Amino acid sequence: MASPDQGELKRTPLYDLHVELGGKIVPFAGYEMPVQYPAGILKEHNQTRESAGLFDVSHMGQAWLIGDGADAALETLVPADLQSLKPGQQRYSQLLNDEGGILDDLMVTRPADPALADRLYLVVNAACKDQDFALISEKLAGKATLQPIDESALIAVQGPKAVDAAARLLGETLRTQPFMTQTAVEFEGVTCLVSRSGYTGEDGYEISVPNDKAVALTKAFLDQPEVDPIGLGARDSLRLEAGLCLYGHDIDTTTSPIEAGLTWSVGKRRREEGGFPGADVVQKQLAEGVSRKRVGILPEGRAPAREGTVVTDADGNEIGKITSGGFGPTAGGPVAMGYVAIDFAKVDTPINLVVRGKSLPAKVVKMPIVPQRYYRG
């Protein structure tokens, strides 16, 4: 979980509902957000794995990038192939610095509506959105215009039964909506943008809904028998088991997409052509390999290995560090991810974790630690 920002905290349009539902409110990325509800993190985690959970992700940054050629313009800042996006398609990418380090990760969508053909829809991390939007606006000045979307909330409904609730409320066509696509639906007379994506490893949707309908849509979902509210605590254990990176922890300005195991997100054309910040570093890593890599780690005992835990080899030499770790309810024990020297990155490699001064056995495991269950269409 990202460190809470200092200063005045913001509230999403769902804040009062979180309080009404008994949410335990904590500072997170500059916002007052629910970390858990009365059911508790363990039950919320299992609810999402077994049925469906609703998450308020309105703190994240939404924006339009407007202009003919906005895709080509944004490609000067990210390594994804955006020009090949078809209407309605969504793609994961990263804003990079000149060293190939990750400034933030983001989702980029080409709207399905032909009337919006001149723009891309962006979603960035809450803690980074101000700097992201400033960077994009400055770098793409004269080529495309960034327009933050402040008038809409963002909610996620995740879990194997999310499809039933979403189809019942927003239309049966959502049942067969392919993974990583976006479509527009109507709810109480307003247009909502529905992406089939999420951050838990489960099937589900992220829904951009106008602020004045956010509470009504959230309550409508919570009235469905499959859906319960879920806080930040369970969101973190779900994404950790699913092997998904948390910005500021598993990826940051010192890690490249290749080191982070995100090579799949670097477009084939972009690997060859370059043309994005840090392209020389990324291309060299692709050609020659990396010296360290993000891996899944399974401690053999019951003690969780938290962020910052030192990873050593059998002789006690430091070979890496944990970037995310905790208890995985579905995995049934402690789970973690982190960076290790490339010689130790192979699955099943035995390693040690220094927890409270003790060297505890662990091993490198394949990610995701809990299988992802996206609907692929």
Side-chain angles (χ1 to χ4, degrees), residues 1-3 79 92-105 125 127-128 199 201 236-237 239-266 277-278 281-300 303-328 331 333-356 358-370 372:
M1 221 176 289
S3 300
Y92 169 81
S93 192
Q94 310 89 28
L95 291 164
L96 299 183
N97 62 25
D98 290 338
E99 291 72 46
I102 300 172
L103 296 168
D104 195 11
D105 56 348
N125 281 300
C128 303
Y199 193 52
D236 198 52
S237 56
R239 71 92 194 163
L240 174 57
E241 287 184 336
L244 301 173
C245 294
L246 178 61
Y247 189 77
H249 300 254
D250 309 301
I251 50 176
D252 59 27
T253 56
T254 70
T255 57
S256 78
I258 314 306
E259 292 173 319
L262 303 172
T263 303
W264 56 269
S265 69
V266 182
V281 176
V282 170
Q283 288 171 322
K284 184 177 181 182
Q285 290 180 343
L286 285 167
E288 301 177 6
V290 292
S291 61
R292 62 173 183 160
K293 187 179 178 184
R294 182 175 65 95
V295 297
I297 295 171
L298 211 56
E300 291 186 9
R306 304 294 183 184
E307 180 181 2
T309 297
V310 171
V311 183
T312 68
D313 63 13
D315 297 323
N317 301 307
E318 182 172 336
I319 57 169
K321 280 190 177 174
I322 297 294
T323 52
S324 287
F327 179 74
V335 295
M337 67 171 80
Y339 286 82
V340 297
I342 194 66
D343 290 344
F344 297 87
K346 190 175 179 182
V347 169
D348 289 333
T349 299
I351 56 176
N352 293 308
L353 306 174
V354 182
V355 178
R356 292 191 292 275
K358 293 183 178 179
S359 183
L360 304 178
K363 67 177 180 179
V364 173
V365 295
K366 185 179 179 181
M367 286 196 290
I369 295 171
V370 170
Q372 297 167 344

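No hydrogens, no waters, no symmetry mates; every other heavy atom, side chains included, goes into these values. No experiment lies behind these values; they were computed from the predicted model shown.
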Subject >> Test item: N97 and P277 side chains (from C-beta on) under 4.5 Å apart, heavy atoms >> reply: no
Subject >> Which atom of P257 lies closest to which atom of G100, heavy atoms considered >> reply: CD-O, 3.5 Å
Original post:
Between OH of Y199 and CG of L246, what distance do you get to the nearest 0.5 Å?
Top reply: 4.0 Å
Original post:
Is there a donor-acceptor contact under 3.5 Å from the side chain of R239 to the main chain of L244?
Top reply: yes
**OP:** Check K284, Q285, Q283 against V281 for a side-chain contact (heavy atoms from CB on, under 4.5 Å) and give me the one that passes.
**Re:** Q285
**OP:** Would you name the heavy atoms of E259 and T255 that are closest together and state the gap between them?
**Re:** OE1-CA, 3.5 Å
**OP:** Measure across S359 and T312 and return the closest heavy-atom pair with its distance rounded to 0.1 Å.
**Re:** OG-OG1, 4.3 Å
Subject >> Non-hydrogen atoms of A303 and L360 that approach each other most closely >> reply: CB-CD1, 4.0 Å
**OP:** Could you please spell out the steps behind the side chain to side chain contact (heavy atoms under 4.5 Å, CB included) verdict for I342 and R292?
**Re:** CA-CA 5 Å; I342 194 66; R292 62 173 183 160; 5.9 Å; no
Original post:
Can you tell me how far the CZ atom of F327 sits from the CG atom of L240, to the nearest 0.5 Å?
Top reply: 11.5 Å
Original post:
Just by distance, do the side chain of Y247 and the backbone of I102 share a donor-acceptor pair under 3.5 Å?
Top reply: yes
Subject >> Rounded distance (nearest 0.5 Å) linking atom CZ of R306 with atom CG of L353 >> reply: 12.5 Å
**OP:** For residues L103 and L96, report the shortest heavy-atom separation together with the two atoms involved.
**Re:** CD1-O, 3.5 Å
Subject >> Gap separating the CG atom of D105 from the CG atom of D252, nearest 0.5 angstrom >> reply: 11.0 Å
Subject >> Pairwise distance OG1(T323) to NE2(H249) - rounded to 0.5 angstrom >> reply: 9.5 Å
Original post:
Is there a side-chain contact between L262 and Y92, using heavy atoms and a 4.5 Å cut-off?
Top reply: yes
Original post:
Which atom pair, heavy atoms only, marks the closest approach of S324 to D250?
Top reply: OG-OD1, 2.8 Å
Subject >> V365 vs V335 side-chain heavy atoms within contact, under 4.5 Å >> reply: no
Subject >> N/O donor-acceptor pair under 3.5 Å between E241 side chain and A331 backbone >> reply: yes
Original post:
When rounded to the nearest 0.5 angstrom, what is the spacing between CD1 in I322 and CD1 in I297?
Top reply: 3.5 Å
Subject >> Exam field: side chain D313 to backbone I319, donor-acceptor pair closer than 3.5 Å >> reply: no
